[in-house]
Amino acid sequence: MTEEQQWMNSMYAEGQKRIPPRRDWGKRPRRGVSLIPRAQTVLSVLVIVGAAAFLWRTPEVQRTLHSHLLDAMITPLSSRETAGLSVVALAAWVVYRMMRRRPIYLVEYQLHRGDEDQQTTNSQVNTLLERCGEFRQEALDFMARLSGRSGVGDRTFLPDGIGSGVERRMLTNFEMARIEAQQVLFSTVEALLRKTGVHPQDIDVLVVNCSLYCPTPSLSAMIVNHFNMRSDVKAFNLGGMGCSAGIIAVDLVRDQLQVGNTKLALIASTENVTQNIYFGNEKGMLLQNVLFRMGGAALLLSNQASDRRRARYELTHTVRTHTGMQDGPFYSVVQVLDVEGKIGIRLSKELMQVAARSLTKNIETLGPKILPYSEIFKVALTMFQQKVLKKKLPNYVPNFRKAVEHFCIHAGGRAIIDALETSLSLIPRDVEPSRKTLERWGNTSSSSVWYELAYSENDSRVKRGDRVWMIAFGSGFKVNSAVWRALQDNGRVVPEWA
């Protein structure tokens with residue numbers, strides 16, 4: 001075995017030590033207890049219907065009703081008619097229960113934090129990029145300037161394949177990418193299940209999203225295998241959907257929890273850094289080397305009324321906007337080969353304009369659902385003056401601070417955060433969670449909005465009844481929003497921010 005092969009094997013072994021081993025979760029608890037609320041509801045309806053039928057046949061009740069209503073409209077019912085009315089009322093209740101939209105509760109979420117020896121600084125990243133010998137000096141200088149004004153701090157985390165210090169060499173092959181995915185996903189999901197006391201076989205729906213690393217078997221299959229989930233679990237794997245895929249996963253789970261006997265859903269969001277370092281020299285593709293860092297989040301969602309008491313949030317709205325039918329947005333963020341044959345993510349010069357237009361479309365749909373009537377009236381009045389009275393007025397920007405109390409803007413970069421702060425007329429405190437997340441964790445892609453929510457909770461900002469607006473951007477081009485309502489005071493010490 002050559003020295004190079006020995007080094008690679010030692011890297012594999014070191015990375016595998018961080019992967020949580022498969023554990024015995026014990027016997028799955030019986031789920032029959034969830035039938036108790038249903039039995040109580042049905043029994044209550046039968047009692048109410050029976051009592052109403054008995055009272056209806058009482059002459060005193062009939063005379064009272066006749067004294068308040070037109071005799072021509074109501075006449076005493078026979079026992080057969082009373083029974084028929086009871087059946088119709090019960091059938092109407094059953095249809096209502098089947099047709100109504102079930103509430104979706106966020107029971108708990110868990111963030112990933114790397115080990116201390118995986119922590120890195122910007123200068124260490126620059127040194128690693130220089131040592132790998134793939135970049136020309138012009139590209140190295142450009143990345144050094146980018147890192148200085150990127151907003152990314154010096155306590156972020158990198159996977160083992162890239163290295164956590166200047167003494168490390170990069171090993172960014174497929175196997176190290178798999179190890180990174182297993183480290184993040186397995187540890188985060190296990191911590192979430194332990195925290196909530198949920199058995200893996202209680203999960204009905206599993207959604208995993210990772211944009212740039214899609215192995216076979218899929219990441220969702222890895223989780224099913226590692227945690228020995230049920231054979232009928234509905235498993236989905238979302239790939240290539242960019243940094244907004246986490247909210248897409250929430251929207252998908254929302255639909256899945258409306259049908260059948262599904263009760264609990266698990267979402268795991270991450271992005272793989274190991275295999276997506278760009279080793280070329282094209283300036284428009286170097287930003288990913290500066291911004292992206294290791295991270296992930298796992299969420300447990302439920303549609304059960306019995307979970308409302310312990311749930312942290314209730315999902316109120318999701319809005320997805322896709323502008324990929326046009327070439328400009330479609331090619332604004334695209335994975336391609338450069339002129340040297342090196343693969344990476346190319347960002348177009350029109351990206352910010354594309355994001356602004358897509359965000360406007362998203363807000364046009366979301367705004368009427370969450371804005372107070374006073375703000376909706378101001379928007380309508382401005383449009384009336386512009387289109388009917390032909391006045392040259394600027395578009396009215398609604399005050400979204402009257403609609404939501406907390407903003408979780410995807411920490412995709414300082415420019416994105418600055419642009420949304422300006423366009424939505426926010427104050428520095430509103431975007432503080434996004435800036436702090438970018439500084440502390442870097443761009444962790446789809447999981448960044450959850451680090452931001454945790455920052456707000458750690459700062460004791462989120463109170464019962466507060467609304468949280470998550471906004472994320474993704475390739476395609478997509479803008480996705482999710483609005484949550486806090487079901488409890490969510491001020492707590494979050495270990496990842498402590």
Side-chain angles (χ1 to χ4, degrees), residues 7-8 10-19 111-135 139-173 175-185 187-188 210 212-213 243 270-279 286-297 344-345 411-414 434-448 451-452 454-455 495-498:
W7 170 74
M8 291 175 63
S10 67
M11 288 286 289
Y12 298 152
E14 182 179 345
Q16 288 168 349
K17 289 179 182 178
R18 304 185 199 270
I19 301 174
L111 304 176
H112 175 77
R113 174 175 177 153
D115 294 338
E116 291 303 317
D117 60 342
Q118 293 178 311
Q119 201 168 84
T120 189
T121 65
N122 286 324
S123 62
Q124 289 174 334
V125 173
N126 293 336
T127 300
L128 285 167
L129 294 173
E130 182 179 358
R131 282 185 148 187
C132 74
E134 299 286 343
F135 301 99
L140 291 171
D141 293 341
F142 182 70
M143 286 188 287
R145 292 195 300 272
L146 285 178
S147 64
R149 58 175 186 264
S150 65
V152 178
D154 287 332
R155 292 195 301 156
T156 57
F157 294 88
L158 282 175
D160 295 322
I162 295 178
S164 57
V166 295
E167 74 281 3
R168 301 287 295 276
R169 285 192 293 163
M170 288 189 184
L171 181 59
T172 57
N173 61 16
E175 184 59 29
M176 290 306 296
R178 187 193 303 273
I179 288 174
E180 178 196 348
Q182 292 175 337
Q183 286 178 6
V184 175
L185 294 174
S187 62
T188 310
C210 180
L212 295 174
Y213 178 66
C243 299
T270 188
E271 188 52 84
N272 194 278
V273 183
T274 299
Q275 212 177 16
N276 291 289
I277 292 291
Y278 169 61
F279 290 105
L286 290 170
L287 187 61
Q288 67 186 82
N289 295 349
V290 175
L291 287 180
F292 283 91
R293 296 291 190 270
M294 182 174 67
I345 303 297
R414 195 176 68 178
S434 300
R435 296 193 189 280
K436 292 296 184 179
T437 295
L438 181 63
E439 177 186 355
R440 178 64 181 85
W441 302 97
N443 183 348
T444 60
S445 190
S446 57
S447 63
S448 67
Y451 287 94
E452 294 161 17
Y455 177 87
E496 289 75 21
W497 281 104

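From a predicted model like this one, the values you see are computed outputs, not experimental measurements. We number each residue from 1, following the sequence as shown.
- T156 places no side-chain N or O within donor-acceptor distance of the main-chain N or O of T121, the cut-off being under 3.5 Å.
- Closest non-hydrogen pair, I277 versus Q288, comes out as C-NE2, 4.3 Å.
- Between R18 and D117, at least one side-chain nitrogen of the basic residue sits less than 4.0 Å from a carboxylate oxygen of the acidic one, meeting the salt-bridge criterion.
- At least one donor-acceptor pair closer than 3.5 Å links the side chain of D154 to the backbone N or O of N122.
- Taking the six-membered ring where the residue is Trp, W497 and Y455 present perpendicular rings, their angle passing 60° and hence far from 30°.
- Side-chain polar atoms of E271 and N276 form no donor-acceptor pair below 3.5 angstrom.
- Between the CD atom of E180 and the OG1 atom of T172 there is a distance of 11.0 Å, given to the nearest 0.5 Å.
- Taking all atoms of both residues into account, the shortest heavy-atom contact from W441 to E496 is CZ2-O, 3.1 Å.
- In terms of heavy-atom proximity, G114 sits nearest to M294 at CA-CE, 4.1 Å.
- Counting all heavy atoms, side chain and backbone alike, Y278 lies closest to G344 at CD1-CA, 3.9 Å.
- Contact check for L140 versus N126: no side-chain heavy atoms found under the 4.5 Å cut-off.
- Here OG of S150 is found 6.5 Å from CG of L438. Values are rounded to the nearest 0.5 Å.
- Side chain of N272 to backbone of C210: no donor-acceptor contact under 3.5 angstrom is found.
- In this structure, the separation between CG on L286 and CD1 on I345 is 12.5 Å, given to the nearest 0.5 Å.
- Under the 4.5 Å side-chain criterion, counting only non-hydrogen atoms from C-beta, T270 is in contact with L185.
- Looking at heavy atoms from C-beta onward, M11 lies out of side-chain contact with E175 at the 4.5 angstrom threshold.
- Residues N173 and Q275 form no side-chain contact, since every pair of their non-hydrogen atoms from C-beta on lies 4.5 Å or further apart.
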Stepwise side-chain contact (heavy atoms from CB on, under 4.5 Å) test for T274 and Y213: CA-CA 9 Å; T274 299; Y213 178 66; over 6 Å; no

- prompt: So M170 and L129, side-chain contact (heavy atoms from CB on, under 4.5 Å) or not? Walk me through it.
  reply: CA-CA 9 Å; M170 288 189 184; L129 294 173; 3.7 Å; yes

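- Between atom CD1 of residue I162 and atom CG of residue L128 there is a gap of 8.5 Å, rounded to the nearest 0.5 Å.
- Atoms CD and OG1, from Q183 and T188 in turn, are 10.5 Å apart once rounded to the nearest 0.5 Å.
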- prompt: Does the side-chain contact (heavy atoms from CB on, under 4.5 Å) test come out yes or no for Y451 and R440, once each step is laid out?
  reply: CA-CA 10 Å; Y451 287 94; R440 178 64 181 85; over 6 Å; no

message: Under the criterion side-chain contact (heavy atoms from CB on, under 4.5 Å), I'd like the reasoning laid out for R113 against F157: C-alpha separation, chi angles, the key distance, then a yes or no.
response: CA-CA 8 Å; R113 174 175 177 153; F157 294 88; 4.0 Å; yes

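- With hydrogens and angles disregarded, no donor-acceptor distance shorter than 3.5 Å links the side chain of R414 to the backbone of A411.
- M176 contributes atom CE, which lies 8.5 Å from atom CD of Q16 (distance to the nearest 0.5 angstrom).
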